[in-house]
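Here the structure comes first, spelled out in structure tokens, and everything after it is commentary.
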There are 2 protein chains.
Amino acid sequence: MNLQQLQTLAVVVETGSFSAAARRLQKAQSAVSSAIAELEIDLGIQLFDRSKRYPQLTAAGERVLQQALIINAQCQALSEFAAGLSDGEESTLTLAVDDEGQLPWLAPILAEFALAFPRLELRLLFPLLEDLTLLLRQGEADLAISYQPLSPPTDIERWPLQAINFVLLVAVTHPLAAFVEDGVTTNQLQQHRQLLVTDRLQGVEKQRGRLAADVWWLEGDMAVLALVKQGLGWAWLPEPLAQTALAEQPKALLPLHLKDTAGLPSSILPVQLELWRQRGKTPGPAARWLLQRLLNRV
Amino acid sequence: MNLQQLQTLAVVVETGSFSAAARRLQKAQSAVSSAIAELEIDLGIQLFDRSKRYPQLTAAGERVLQQALIINAQCQALSEFAAGLSDGEESTLTLAVDDEGQLPWLAPILAEFALAFPRLELRLLFPLLEDLTLLLRQGEADLAISYQPLSPPTDIERWPLQAINFVLLVAVTHPLAAFVEDGVTTNQLQQHRQLLVTDRLQGVEKQRGRLAADVWWLEGDMAVLALVKQGLGWAWLPEPLAQTALAEQPKALLPLHLKDTAGLPSSILPVQLELWRQRGKTPGPAARWLLQRLLNRV
DNA sequence: TGGAACCTATCAGGAAAACAGATAGATGAA
DNA sequence: TTCATCTATCTGTTTTCCTGATAGGTTCCA
């Protein structure tokens with residue numbers, strides 16, 4: 001069996017005759033004839049009924065044709081994919097996102113991306129506890145989406161994406177829930193356990209957003225949300241995530257508003273979401289596309 | 001590009017070196033080397049890193065390999081399928097079933113069938129209004145499942161499958177629903193509209209099961225069931241279908257039992273389900289398998 | 001450090017294939 | 001019937017593919 005035989009089969013069916021296929025393929029008629037004959041011998045099946053003037057596919061030939069078309073298409077896909085690769089297209093692109101809560105607005109963009117680069121493998125990481133800069137420096141990730149760092153690294157290029165508001169959440173069973181109407185003071189918040197996201201590094205970033213004396217550290221916003229639901233403390237959560245949680249379980253969670261801003265860490269103000277890339281690393285077409293698409297997002 | 005090149009690529013990766021691949025393929029090492037080299041030229045990509053002792057797949061090569069494995073597998077599937085065809089296996093099998101209500105017990109058998117004949121195309125027809133014998137005679141269907149006919153055709157081979165009971169169903173809103181406790185008489189039934197399945201032929205079969213004077217004819221059991229639910233009449237429905245309907249909407253439908261059998265058409269007694277095949281037509285392996293499996297069903 | 005054992009690339013020559021061109025027979029329309 | 005068009009098959013040529021040999025690189029070990 002042979003790729004050219006399968007392709008010849010497809011062209012013969014398309015054009016309706018061996019001669020026409022030969023013209024289309026710029027070959028002699030005898031070449032087409034013997035190619036089909038050999039394919040029939042190899043498969044052990046008669047593909048065409050030649051009793052009439054024009055060859056006619058047999059029932060078995062019909063089924064073989066279907067398979068052949070699929071194989072031809074995949075071979076062509078391989079060729080095109082290879083052509084893309086030889087033009088410098090990436091075969092894999094890794095995007096590291098700080099937080100699964102970004103997925104709702106990110107997913108539609110990734111859907112577009114999949115259409116633009118159908119054969120490319122996308123790796124989407126949510127390295128909750130790892131350093132994104134490390135991932136970029138080690139080449140583990142090509143692009144990253146992260147909150148604005150307190151101490152910006154110099155070897156990372158950064159572009160602003162959007163500002164994320166944080167919402168104060170407690171469970172209805174929590175003592176602070178009584179103040180849902182009037183609002184709470186920072187002083188009151190400080191007297192209850194705060195739930196915070198931790199990272200693996202014991203740096204300054206870890207204390208970001210800390211207000212209370214009593215703190216539990218958790219791995220990721222989802223874990224924080226789960227413990228807030230249990231009434232184990234209060235937390236600031238990204239607005240998109242909080243919206244989703246409030247919509248899903250409207251009776252379990254309450255948003256609180258603050259009456260004052262005394263002693264409030266500045267990092268709880270709207271925090272800038274950023275797009276990161278390692279400086280000096282030349283991106284492929286796919287990385288450039290995604291970068292442009294993320295920055296031009298309406 | 002070439003099928004052998006793709007296969008060679010797969011073997012090289014599997015064995016770990018060009019030389020080992022050559023031994024496995026019973027070819028000279030130079031043949032493998034040039035095959036890979038030509039594939040690289042054709043695709044415009046370097047597939048292997050040859051700086052070390054053993055060639056190592058590049059990132060691009062990894063992706064090409066994935067595609068190549070898929071293509072190889074499909075070519076092998078085509079070969080096996082063709083081998084089956086040349087051994088006389090059918091490429092398509094059509095099973096015509098009188099009634100969609102048979103699907104619950106039929107589906108698991110068809111699942112087994114799909115495993116036994118993975119490449120075969122199954123056509124499953126529910127020709128509600130057509131004559132099954134005609135489908136068999138015209139070669140439109142290879143096998144058929146039908147109720148026992150009142151006048152058996154001589155050119156159709158028939159095997160008994162199972163007896164189907166019929167259940168009397170009405171909606172809770174129907175006047176007859178009042179007799180759900182005590183049961184109804186045939187006389188009472190005759191005074192209300194009966195819903196019956198019609199077929200396209202205006203033969204004796206059409207009147208099968210008729211009891212009432214006032215009758216509506218509908219296309220198929222599902223349509224009958226829908227109108228019964230609306231309270232538009234009563235109907236005898238196959239027990240499996242009735243069970244499903246009662247389980248899905250326990251409050252909308254009621255089963256009735258008959259107090260007498262005066263004037264009851266004999267065809268409402270358990271009706272034999274049968275398997276049909278046109279006499280004299282030699283079946284392929286798949287048809288024989290399905291026939292045996294249906295008859296040996298526990 | 002140098003040799004043994006393994007690997008790969010490349011070359012020339014021969015086997016196998018695929019090809020073009022010509023010919024004969026078959027089909028369908030005028 | 002004639003004619004245009006199709007397919008199968010044959011022959012010789014071109015192209016491809018393979019083998020075997022050779023040269024050079026890598027790894028390991030004495």
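All chains are named by letter (A, B, ...) in the order of the sequence lines, taking the proteins before the strands, and each is independently numbered beginning at 1. Since the model is a prediction, treat every value here as computed from it, not as a measurement.
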Looking for any heavy atom pair under 4.0 Å, which part of the strands does [X] touch: base, sugar-phosphate only, or nothing?
X        : answer
Ala31(B) : base
Ser19(B) : base
Gln5(B)  : nothing
Ser34(B) : nothing

Below the 4.0 Å mark, does [N] have OP1 or OP2 next to a side-chain nitrogen or oxygen of [X]?
X        : N       : answer
Arg50(B) : dA9(C)  : yes
Asn2(B)  : dC17(D) : yes
Ser33(A) : dA8(D)  : yes
Gln26(A) : dC19(C) : no
Lys52(A) : dT27(C) : no

Taking for each residue the nucleotide of DNA chain D with the nearest heavy atom, is it Arg23(A) or Ala28(B) whose nucleotide lies nearer the 5' end?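 Nearest nucleotide further toward 5': that of Arg23(A).
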Within this structure, what is the [atom1]-to-[atom2] distance between [X] and [N], rounded to whole angstrom?
X        : N       : atom1 : atom2 : answer
Gln29(A) : dC10(D) : CD    : P     : 14 Å
Gln7(B)  : dC17(D) : CD    : P     : 15 Å
Leu47(A) : dA8(D)  : CG    : P     : 12 Å
Glu38(A) : dA8(D)  : CD    : P     : 13 Å
Tyr54(A) : dA4(D)  : OH    : C1'   : 10 Å
Leu25(A) : dA18(C) : CG    : C1'   : 14 Å
Arg24(A) : dC6(D)  : CZ    : P     : 14 Å
Leu39(A) : dA18(C) : CG    : C1'   : 15 Å

Is the ring pair Trp289(B)/Phe113(B) parallel, tilted or perpendicular, if the boundaries are 30 and 60 degrees? tilted
Yes or no on side chain to side chain contact (heavy atoms under 4.5 Å, CB included) for Phe18(A) and Ile36(A), after CA distance, side-chain angles and deciding distance? CA-CA 9 Å; Phe18(A) 292 10; Ile36(A) 296 294; 4.0 Å; yes
May I ask you to verify whether the side chain of Ser30(A) and the base of dG21(C) hold a donor-acceptor pair under 3.5 Å? yes
Identified salt bridge (Lys or Arg N to Asp or Glu O under 4.0 Å) counterpart of Arg63(B) within the set Glu90(A), Glu89(A), Glu121(A): Glu121(A)
About how many Å separate OG of Ser34(B) and CD of Glu40(B), when rounded to the nearest 0.5 Å?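 Answer rounded to 0.5 Å: 11.5 Å.
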Does Asp142(B) pair with Lys281(B) as a salt bridge, N-O distance under 4.0 Å? yes
Taking Arg119(A) first and then Glu80(A), would you say they form a salt bridge - that is, a charged N and a carboxylate O separated by under 4.0 Å?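 Answer for the salt bridge query: no.
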Counting side-chain heavy atoms from CB outward, which of dT26(D), dC18(D), dT7(D) is closest to Gln4(B)? dC18(D)
Of Arg53(B) and Ala35(A), the one whose closest DNA chain C nucleotide lies more 5': Arg53(B)
